[in-house]
Visitor: 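So that we are looking at the same thing, I have put the structure below in structure tokens.
Order of the sequence lines fixes the chain letters, A, B, ..., with proteins taken first and strands second; residue numbering starts at 1 for each chain.
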Number of protein chains: 2
Amino acid sequence: MAIAKTRDTCAGCPIRHRAVCAYCDADELAMLERIKSYATIAPGSPIFFAREPMRHVATVVTGAAVLSRTLEDGRRQISGLMLPSDFIGRPWRDTISYDVTALSEVVLCRFDRKAFETILRDTPHVAERLLSMTLDDLDAARDWSVVLGRMAARERVSAFLLTLARRLGTPDPKVPERVTFDLPLTREAIADALGLTLETASRQMSALRRDGVIETEGRTRVVVPDLLRLQEEAQDDDDGGELG
Amino acid sequence: MAIAKTRDTCAGCPIRHRAVCAYCDADELAMLERIKSYATIAPGSPIFFAREPMRHVATVVTGAAVLSRTLEDGRRQISGLMLPSDFIGRPWRDTISYDVTALSEVVLCRFDRKAFETILRDTPHVAERLLSMTLDDLDAARDWSVVLGRMAARERVSAFLLTLARRLGTPDPKVPERVTFDLPLTREAIADALGLTLETASRQMSALRRDGVIETEGRTRVVVPDLLRLQEEAQDDDDGGELG
DNA sequence: CGTGCTATTGAAAGCTTTCAAGAATGGTGG
DNA sequence: CCACCATTCTTGAAAGCTTTCAATAGCACG
């Protein structure tokens, strides 16, 4: 795990307004700045291990990581995708119950856990923001249970692609309904996120491609020609406005 | 929705030490006491509806409720079971994305949402406790994704019964491994929580009974003769200590 | 002690998984 | 720069588990 202390300032941080520090004023930011350090994690490398002492909490600055749990017989479930601005870790507890693994190269803005706990007590804006983010994550996790519990394979893949399209997608400047993004996961990881086998995940991607719901370039590039069509496939009757 | 204002004091509250008010000192408790009101909900009645304005947040004092989402075609997923001391609601947001329904008669300790938001800002102990509870709920929701995504029907039912046994079970005074509890859900609701059909849920209950993992009395009473056996069925390699 | 809702059980159908083989990708070294 | 190699992905066919459809049994309330 390469660690690079930098002099990067919070002011220039690309996720300054979305991360756990979003509500901070200048003084609070200065406090965080004193205890933060950056770490760069190589693709495929572990960030935290389940049940092992956890000295830091962190915000994802760039890259992507997954939270996963593996049963004794090897069955694996990915229970969260961590993207820039997401918060990793469990204040006031020594361990977490899942592994955190980098998918791509990940840059973390880390805080010593104990120091962060002090910050939480002293700077209400950090605590309030973390509570708000955690409530959102909880809602998202509960929403996802519908996908895992009730949706067919095609719907699951569609729902997953829709989530990625919303968070990672770049709209076509001329056709805003047309969105492009790069999959940060392999087919196997997609399957592990969706509770499917990699063959089923692959088959459904192929089916969506055949039916014109998506287009693909290489292994990772995905183009969604019509986001509304994908929403229908994903049984997403959300009328657009995802609140933050 | 019958509403009964009472003079019940927080001091005598059965969940005083586990709910969102757990960390409060006397002054803080007095503040909460001023804005709280009790409500009694009949079995089967809605507590909150998804997407409808939510004027209150609340703690479950007695009884059981579920969080659920229903797709347009009627498929339903229960994403949370709310038992005494659990917190319901979403501060700083007008709506929630799931329905909350009482399973049994539920007594709520309610707070006006706006007033509660003020409390959150003014009493750090409430905010800290709510953050801690929400982080726990998030971990639980992520743990549950393994059940929904990767477990077979028999394992799902076992995992669910194990969860209930841990939260609701009364150990046999002579044989602590023997635990008894009452199911607060119908077979259909169990199925909706597990992403199964009610027939499959029922069949797996029967199979577990045949195999001696559980005993049943009437529709609701469940006896687990050996909690360790149930843990094995549920693929739960947890060595006991659920932290709170 | 009926009556209606809930639960159980059976049999066939369907969707996903499993097992297996072949194709495409992208990185490496000659 | 191109060929080769390992990995990842795709596709096929059979097996398996859950669902669906259907009927019976059992509990609980009036």
Side-chain angles (χ1 to χ4, degrees), chain A residues 42-44 71 73-77 103-105 147-161 182-211 213-222 233 235, chain B residues 42-44 66 71 73-78 103-105 147-161 182-211 213-222 233 235:
Chain A
L71 296 174
D73 58 11
R75 282 176 288 175
R76 179 167 177 262
Q77 177 66 39
L103 292 171
S104 56
E105 181 171 286
V147 175
L148 294 179
R150 287 300 181 201
M151 285 194 178
R154 182 185 174 105
E155 295 170 322
R156 294 189 200 198
V157 172
S158 299
F160 189 67
L161 294 175
D182 281 305
L183 280 173
L185 309 86
T186 63
R187 297 291 184 273
E188 183 175 27
I190 294 172
D192 284 346
L194 295 174
L196 301 171
T197 58
L198 76 91
E199 293 95 328
T200 299
S202 177
R203 268 187 257 271
Q204 299 303 331
M205 296 269 300
S206 299
L208 291 173
R209 189 183 328 114
R210 266 199 306 281
D211 297 344
V213 181
I214 60 171
E215 299 157 14
T216 59
E217 298 165 23
R219 289 197 223 263
T220 60
R221 174 63 53 102
V222 175
E233 292 285 349
Q235 300 284 37
Chain B
V66 291
L71 296 174
D73 57 11
R75 282 176 288 175
R76 178 167 178 261
Q77 177 66 38
I78 289 176
L103 292 171
S104 56
E105 181 171 285
V147 174
L148 293 180
R150 286 301 180 201
M151 285 193 178
R154 182 185 175 104
E155 295 170 321
R156 294 190 200 198
V157 172
S158 300
F160 189 67
L161 293 175
D182 280 306
L183 280 173
L185 308 87
T186 63
R187 298 292 184 272
E188 183 175 27
I190 293 171
D192 283 346
L194 295 174
L196 301 170
T197 57
L198 76 92
E199 293 95 329
T200 299
S202 178
R203 269 188 256 272
Q204 299 304 331
M205 295 270 300
S206 299
L208 291 173
R209 187 181 332 113
R210 266 199 304 281
D211 297 344
V213 181
I214 60 172
E215 298 157 15
T216 58
E217 298 164 24
R219 289 181 191 188
T220 60
R221 175 63 54 102
V222 175
E233 292 285 350
Q235 299 284 47

Visitor: Tell me: CG of L196(B) to P of dA7(C), nearest whole Å?
Guide: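 Rounded to whole Å, this separation is 15 Å.
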
Visitor: If every non-hydrogen atom of Q77(B) is compared with every non-hydrogen atom of G149(A), which pair is closest and at what distance?
Guide: OE1-CA, 3.4 Å

Visitor: Just by modelled atom types, is the I214(B) backbone N or O under 3.5 Å from a matching donor or acceptor in the R209(B) side chain?
Guide: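 It does not hold such a pair.
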
Visitor: Taking R75(A) for its side chain and R150(B) for its backbone only, find out whether a donor-acceptor pair lies under 3.5 Å.
Guide: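 The answer is yes, because a donor-acceptor pair under 3.5 Å joins these two groups.
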
Visitor: So does E199(A) reach the base of dC19(C) with its side chain, donor to acceptor, closer than 3.5 Å?
Guide: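 Result: at least one qualifying N/O pair found.
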
Visitor: Ignoring hydrogens and angles, are the base of dT6(C) and the side chain of R187(B) linked by a donor-acceptor pair under 3.5 Å?
Guide: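 Donor-acceptor pair under 3.5 Å: no.
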
Visitor: Base, sugar-phosphate, or nothing for S206(A), non-hydrogen atoms under 4.0 angstrom?
Guide: sugar-phosphate

Visitor: Expressed as a whole number of angstroms, how long is the span from R209(B):CZ to dT8(C):C1'?
Guide: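 Rounded to the whole Å, the gap is 8 Å.
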
Visitor: Would you kindly give the CD-to-C1' distance between Q204(B) and dA7(C), to the nearest whole Å?
Guide: 15 Å

Visitor: Where the side chain of S202(A) meets the backbone of L198(A), is there a donor-acceptor pair that is under 3.5 Å apart?
Guide: no

Visitor: Could you state the atom-to-atom distance from CZ of R219(B) to P of dC5(C) in whole Å?
Guide: 12 Å

Visitor: A201(B) or E217(A): which one's nearest nucleotide on DNA chain C is closer to the 5' end?
Guide: A201(B)

Visitor: Rounded to whole angstroms, how far apart are CZ on R203(B) and P on dG10(C)?
Guide: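 Rounded to whole Å, this separation is 9 Å.
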
Visitor: So where does chain B start and stop touching DNA chain D, 5' to 3', when the test is distance under 4.0 Å to a non-hydrogen atom?
Guide: dT18(D) to dC27(D)

